Amino acid sequence: MVCKRCGKKFDETKHDYCGYCRTVHTPDGKAVRDLKAMLCYLSDKFGKEVFLDKRRADALFADFFPKEDAARKLCYVALYDGCAQKLYAVREKPFEMRCAAATKLVKSLRDEIGIKGRIAAEAVEAVGCAVGCEISFKKSDALPASETESRKNVTDAAEQYSLGRHFDRLKEYEKALYWFEAAALQDFGEAECYMGLYRFEGRGGIMNIEQAREWFVRAAENGVPLAEYYVGYFYSEGFACEPDENKAFECFLKSAKSGCDEAIEMVALCYENGIHVKQDKETAKKWRKHLLTHEAYFEEPTAEVPKAEADDGEALYQSARRCLAEKDYEGAAMFYKRAAELGHIRAQCSYGKCLYTGNGTAKDPAEAFRYFKLAADGNSTIARYNLGVMYLKGVYVPKDVDKAREYFTLAAEGGHEEAAKILKKLK
């Protein structure tokens with residue numbers, strides 16, 4: 001057999017990979033290069049359950065596909081996020097449940113890990129195929145054979161988006177939705193914006209405010225001004241998110257500067273009526289003039305632009321809590337650590353406990369003490385109790401009853417019942 005990667009010949013009767021470049025081949029001679037094919041190869045060779053152990057799966061991936069570093073990293077991230085376990089658990093459930101689970105995994109990879117939506121979907125689909133969980137991110141009804149055949153030939157995202165716009169103008173919303181979804185799944189920003197509009201207005205038969213916001217956020221990340229305007233609108237009205245005036249105006253302003261008419265009108269209204277920003281009728285007039293003439297954008301005083309809020313680690317802390325609920329202790333420890341590094345007091349205390357018990361990470365009493373001390377300085381009652389225990393038992397620090405009593409007293413004053421009980425015994 002001739003290797004499809006390096007062109008060298010090898011004996012396929014002895015092994016199914018090229019001895020020169022280590023590229024695995026299928027029995028019909030095709031090189032295994034994409035993630036789905038790689039995972040299916042390992043699944044056929046070692047069984048579907050191999051992916052339930054992410055470290056073993058990663059070791060096998062490295063052994064059989066040593067040159068595919070990018071695919072290996074993507075696979076490990078997907079497995080680390082619990083894809084295999086969750087999809088394996090629902091593999092015999094109804095199709096809708098499988099797709100819902102897969103969609104949540106894609107959202108988790110995109111929001112928590114930071115992977116692009118299209119790549120995250122490919123990774124989840126590959127893992128699902130390997131563990132025997134059939135999934136699909138397209139929920140369209142079955143099509144006539146002739147129409148299906150014609151659609152197979154259109155794979156370019158820009159062409160799919162153009163077809164969506166064509167059917168949208170004709171008000172054939174179901175067909176338009178099909179093409180917008182196809183383009184949006186390839187991370188095409190304008191199509192993602194239309195998906196948001198369709199889900200928000202219920203065009204095409206499905207209204208879902210949460211999904212609408214998700215599509216608008218993804219389109220805004222890809223630089224679509226109208227999507228940025230709608231993200232601001234959702235923040236303003238509190239649709240599928242907590243109301244936030246600063247973020248709303250920030251989105252309106254960013255969209256307006258990119259030339260979105262709806263956003264320009266909204267910014268003018270905000271300045272005119274003092275909504276989300278300090279009232280300034282002169283600036284409102286400038287924005288209205290800009291809307292009428294479409295002159296080059298004028299610069300505003302920087303003081304008028306709301307400042308972005310600093311990351312306080314709360315989102316990471318909540319991610320850790322979700323991992324803990326799913327018994328993913330390593331994931332919980334990872335998120336606790338990231339939140340703790342941002343100064344989140346409860347995360348500092350929780351990560352200290354992970355280090356103290358060795359739950360989800362290696363035991364390290366010295367680091368546990370450091371994180372407990374940081375949280376205790378931030379008035380964490382539980383952290384003060386934990387420091388008292390360490391001084392009482394002499395863990396990492398020398399045994400010091402007076403110091404232990406001091407921390408137990410502070411914890412008891414904060415309402416910690418167990419600290420109060422120990423304090424009575426020490427007296």
Side-chain angles (χ1 to χ4, degrees), residues 17 22-24 32-93 97-137 185 187 315-316 318-339 351 354 358-362:
Y17 60 88
R22 292 281 300 188
T23 301
V24 175
V32 176
R33 300 296 301 275
D34 64 281
L35 183 61
K36 183 187 286 189
M38 292 175 193
L39 297 187
C40 288
Y41 173 83
L42 293 176
S43 177
D44 293 339
K45 204 170 187 70
F46 299 98
K48 295 176 172 51
E49 292 80 2
V50 70
F51 295 104
L52 302 182
D53 184 345
K54 54 182 174 286
R55 288 189 175 81
R56 186 180 172 220
D58 184 57
L60 289 171
F61 202 107
D63 187 37
F64 281 87
F65 304 100
K67 301 218 178 252
E68 306 294 343
D69 289 337
R72 180 191 172 193
K73 287 176 183 176
L74 180 59
C75 174
Y76 187 75
V77 169
L79 296 180
Y80 189 90
D81 202 49
C83 282
Q85 289 89 338
K86 291 167 188 172
L87 292 177
Y88 188 81
V90 300
R91 69 192 187 283
E92 295 178 356
K93 300 288 184 183
M97 288 183 65
R98 298 199 300 270
C99 289
T103 302
K104 285 183 180 178
L105 290 169
V106 171
K107 188 176 186 301
S108 174
L109 286 171
R110 187 174 66 82
D111 295 348
E112 307 290 356
I113 311 296
I115 298 175
K116 280 274 190 180
R118 175 177 56 83
I119 299 171
E122 289 175 359
V124 172
E125 189 176 0
V127 174
C129 184
V131 299
C133 179
E134 183 190 350
I135 54 176
S136 171
F137 296 109
L185 288 173
D187 214 27
L316 292 168
Q318 294 302 329
S319 296
R321 299 269 296 179
R322 287 195 291 272
C323 287
L324 205 60
E326 295 169 4
K327 298 186 178 179
D328 179 8
Y329 301 116
E330 291 180 2
M334 178 187 72
F335 283 117
Y336 277 141
K337 182 181 180 183
R338 287 169 61 187
Y351 185 56
C354 293
N359 198 10
T361 187

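These values consider heavy atoms only, across backbone and side chains, with no hydrogens, waters or symmetry-generated copies. Nothing here was measured: the structure is a model prediction, and the numbers come from that model.
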Check: salt bridge (charged side-chain N to carboxylate O under 4.0 Å, His left out) between E49 and R56: does it pass, once the steps are laid out?
Finding: CA-CA 11 Å; E49 292 80 2; R56 186 180 172 220; over 6 Å; no
Next item on the list: Find the distance between NZ (K48) and SG (C129) and round it off to the nearest 0.5 Å.
Entry: 8.5 Å
Checklist line | Distance in Å, L87 CG paired with E134 CD, rounded so as to fall on 0.5 Å steps | finding: 12.5 Å
Item checked: Minimum-distance pair of heavy atoms, taken over all atoms of A84 and L79 -> CB-CD2, 3.7 Å
Next item on the list: Please step through side chain to side chain contact (heavy atoms under 4.5 Å, CB included) for the pair L35 and F61, ending with a clear verdict.
Entry: CA-CA 10 Å; L35 183 61; F61 202 107; 4.0 Å; yes
Notebook entry, point to check: With a cut-off of under 6.0 Å to the ring centre and 45° to the axis, is R338 in cation-pi contact with F335?
Noted result: no
Margin query: So, taking the atom named OG in S319 and the one named CE in M334, what distance separates them when rounded to the nearest 0.5 Å?
Written below: 8.5 Å
Item checked: Contact check, side chains of L42 and F51, non-hydrogen atoms, under 4.5 Å -> yes
Next item on the list: Would you name the heavy atoms of C354 and Y336 that are closest together and state the gap between them?
Entry: SG-CD1, 4.0 Å
Item checked: Distance (rounded to the nearest 0.5 Å) between C133 SG and E92 CD -> 10.0 Å
Check: Got a second to check how far E330's CD is from K54's NZ, nearest 0.5 Å?
Finding: 4.5 Å
Next item on the list: Could you tell me whether R321 atom CZ has more than 12 heavy atoms of other residues or ligands within 6.0 Å of it?
Entry: no
Margin query: Run the side chain to side chain contact (heavy atoms under 4.5 Å, CB included) test against A101 and tell me which residues pass, sequence neighbours left out.
Written below: V90
Notebook entry, point to check: So how far is it from T103 OG1 to R98 CZ, rounded to the nearest 0.5 Å?
Noted result: 12.5 Å
Note to self: side chain to side chain contact (heavy atoms under 4.5 Å, CB included), that's the test. Do L39 and C75 meet it? Break it down for me.
What the structure shows: CA-CA 9 Å; L39 297 187; C75 174; 3.6 Å; yes
Margin query: Using modelled atom types and a 3.5 Å cut-off, is there a donor and acceptor pairing between side-chain atoms of Q85 and backbone atoms of L52?
Written below: yes
Margin query: Tell me whether K86 at atom NZ has more than 12 heavy atoms from other residues, nucleotides or ligands lying less than 6.0 Å away.
Written below: yes
Notebook entry, point to check: Yes or no on ring pair (Phe, Tyr, Trp, His ring centres under 6.0 Å) for F64 and F46, after CA distance, side-chain angles and deciding distance?
Noted result: CA-CA 12 Å; F64 281 87; F46 299 98; 5.6 Å; yes
Notebook entry, point to check: Considering only heavy atoms from C-beta outward, does the side chain of L60 approach that of Y41 to under 4.5 Å?
Noted result: no
Note to self: How close do A78 and A123 get, counting heavy atoms only, and between which atoms?
What the structure shows: CB-CB, 4.3 Å
Notebook entry, point to check: For G132 and R91, which heavy atoms make the closest approach, and how far apart are they?
Noted result: O-CB, 3.7 Å
Check: Yes or no on side chain to side chain contact (heavy atoms under 4.5 Å, CB included) for V127 and L105, after CA distance, side-chain angles and deciding distance?
Finding: CA-CA 11 Å; V127 174; L105 290 169; over 6 Å; no
